[in-house]
Amino acid sequence: NSKIQIAIDGPASAGKSTVAKLVAKHFNFIYCDTGAMYRVLTLKALKANVDFADEDALMTLLADTQIGFEPGEPVQKVFLDGQEVTNDIRQPEVTNNVSTVAALGRVREELTNRQREIASKGGIVMDGRDIGTTVLPNAEVKIFLIASVDERARRRFADNEAKGIHTPLDVLKQEIETRDYKDSHRKIAPLTQAKDAVKVDTTPMSIEQVVDEIIEIASKKI
Ligand code: C5P
């Protein structure tokens, strides 16, 4: 197995994390969820009562923040300063503010550096918004994962219900559209398909079909 880098980008709730984790398992690669890193900082800011637009305060907070990952089922475990926050970072208050934090240039610079460090030895599947365009521009495999907004809202609704979070479908659809707009229109490293990325529309596909397609694409480079 050559230790390549696989970048998976796309809009909110397109299934990136689920698929990336399974692809990483197949190749025995590390999996890194970069969205979780932005979420961890947002959660810490919420707890510390730091304004989401106060970049100086956020940078002070981030300098003193450890973000950890551990394998877990069904989802990877995420840690903030040694404490597990796997569920906390998926709460609506974090989800609906993370794009504001993620638009800040110095925050992105610091987290991008941490992400490159994690990916530096290769053998990695990394998912996010700007992995193929900015974090790992030389990744051997780049996937741009999309699905219709209705389908993404339905998937998020099902995930939420399973976790006991009851947000109406139309509210979720609105939240997804708002987050996509912010992520695609920010000045620094906006969500966009890299020129050399393969677009996969997962709207009619099962998780297994998406995973198989990415494994097939990546196998040609390994
Ligand atoms: O992937 P997830 O939905 O968990 O990402 C949460 C948020 O983190 C995104 O909506 C986006 O604002 C930000 N993000 C980013 N760049 C990445 C990954 C996530 O700006 N590479």
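Here the structure is a predicted model, which means the values were calculated and not measured. Heavy-atom basis, side chains included; hydrogens, waters and symmetry copies ignored. Every number for a ligand or one of its atoms is a count from 1 in the order of the listing.
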- Shortest non-hydrogen contact from D127 to Y31? OD1-OH, 3.0 Å
- Note on the structure: among protein heavy atoms, the one nearest atom 14 (N) of ligand 1 is Y38 CD1, 3.6 Å
- Of the side chain and backbone of R186, name the one, both, or neither that has a heavy atom under 4.0 Å from an atom of ligand 1. side chain
- Tell me which protein heavy atom sits closest to atom 1 (O) of ligand 1, plus the residue, atom name and distance to 0.1 Å. R129 NH1, 3.0 Å
- Query: What residue and heavy atom of the protein are closest to atom 4 (O) of ligand 1, and at what distance?
  - Reply: R39 NE, 2.6 Å
- Task: Count the heavy atoms of every other residue, nucleotide or ligand shown that sit under 6.0 Å from CG of L169, and state whether that count exceeds 12.
- Result: yes
- Hey, quick one: are V125 and V75 part of the same hydrophobic cluster, counting side-chain heavy atoms closer than 4.5 Å, chains of contacts allowed? no
- Scan side-chain atoms only and decide if D150 and S148 contain a donor-acceptor pair under the 3.5 Å cut-off. no
- Task: Using the rule that two of Ile, Leu, Val, Met, Phe, Trp, Tyr join whenever any of their side-chain heavy atoms come within less than 4.5 Å, decide whether I124 and I4 are in one cluster.
- Result: no
- Message: Does either side chain, that of E208 or that of S206, offer a donor lying less than 3.5 Å from an acceptor on the other one?
- Response: no
- Heavy-atom contact under 4.0 Å between M37 and ligand 1? no
- Nearest heavy-atom approach of V200 to E213 is CG2-OE2, 4.0 Å
- Task: For atom 16 (N) of ligand 1, grab the closest protein heavy atom and report residue, atom and distance to one decimal in Å.
- Result: R108 NH2, 3.0 Å
Validation: residues 183-191 side-chain donor-acceptor distances under 3.5 Å, sequence neighbours left out:
unit_1: D183; atom_1: OD1; unit_2: S99; atom_2: OG; d: 3.0
unit_1: D183; atom_1: OD2; unit_2: R129; atom_2: NE; d: 3.4
unit_1: S184; atom_1: OG; unit_2: D180; atom_2: O; d: 2.6
unit_1: H185; atom_1: ND1; unit_2: Y181; atom_2: O; d: 2.8
unit_1: R186; atom_1: NE; unit_2: I188; atom_2: O; d: 2.9
unit_1: R186; atom_1: NE; unit_2: A189; atom_2: O; d: 3.2
unit_1: R186; atom_1: NH2; unit_2: A189; atom_2: O; d: 2.7

- Between CG of L62 and CG of L111, what distance do you get to the nearest 0.5 Å? 5.0 Å
- Inter-residue atom distance L61.CG - D56.CG, 0.5 Å rounding: 12.5 Å
- Identify the closest protein heavy atom to atom 21 (N) of ligand 1: which residue and atom is it, and at what distance? D130 OD1, 2.8 Å
- Query: Out of curiosity, is R90 lining ligand 1, as in a heavy atom under 4.0 Å away?
  - Reply: yes
- Check whether any N or O atom of K16, backbone or side chain, sits under 3.5 Å from an N or O atom of ligand 1, and answer yes or no. no
- Could you list the atoms of ligand 1 found under 4.0 angstrom from a heavy atom of V98? 6 (C), 7 (C), 8 (O)
- Item | For atom 18 (C) of ligand 1, the protein heavy atom that lies nearest, with its residue and separation | T34 OG1, 3.3 Å
- K182 heavy atom under 4.0 Å from ligand 1: no
- Location of contacts on S99 toward ligand 1, heavy atoms closer than 4.0 Å: both
- Ignoring angles and geometry beyond distance, decide whether D33 reaches within less than 3.5 Å of ligand 1 through its nitrogen or oxygen atoms. no
- Query: What do you reckon, does D127 have a nitrogen or oxygen under 3.5 Å from a nitrogen or oxygen of ligand 1?
  - Reply: no
- Query: Without hydrogens or angle criteria, can the side chains of K44 and T65 be said to hold a donor-acceptor pair below 3.5 Å?
  - Reply: yes
- Heteroatom distance test (R179, ligand 1): nitrogen or oxygen, under 3.5 angstrom: yes
- Query: What protein heavy atom is closest to atom 12 (O) of ligand 1, reported as residue, atom name and distance in Å?
  - Reply: D183 OD1, 2.7 Å
- Note on the structure: If you scan protein heavy atoms around atom 13 (C) of ligand 1, the nearest is A102 CB, 3.7 Å
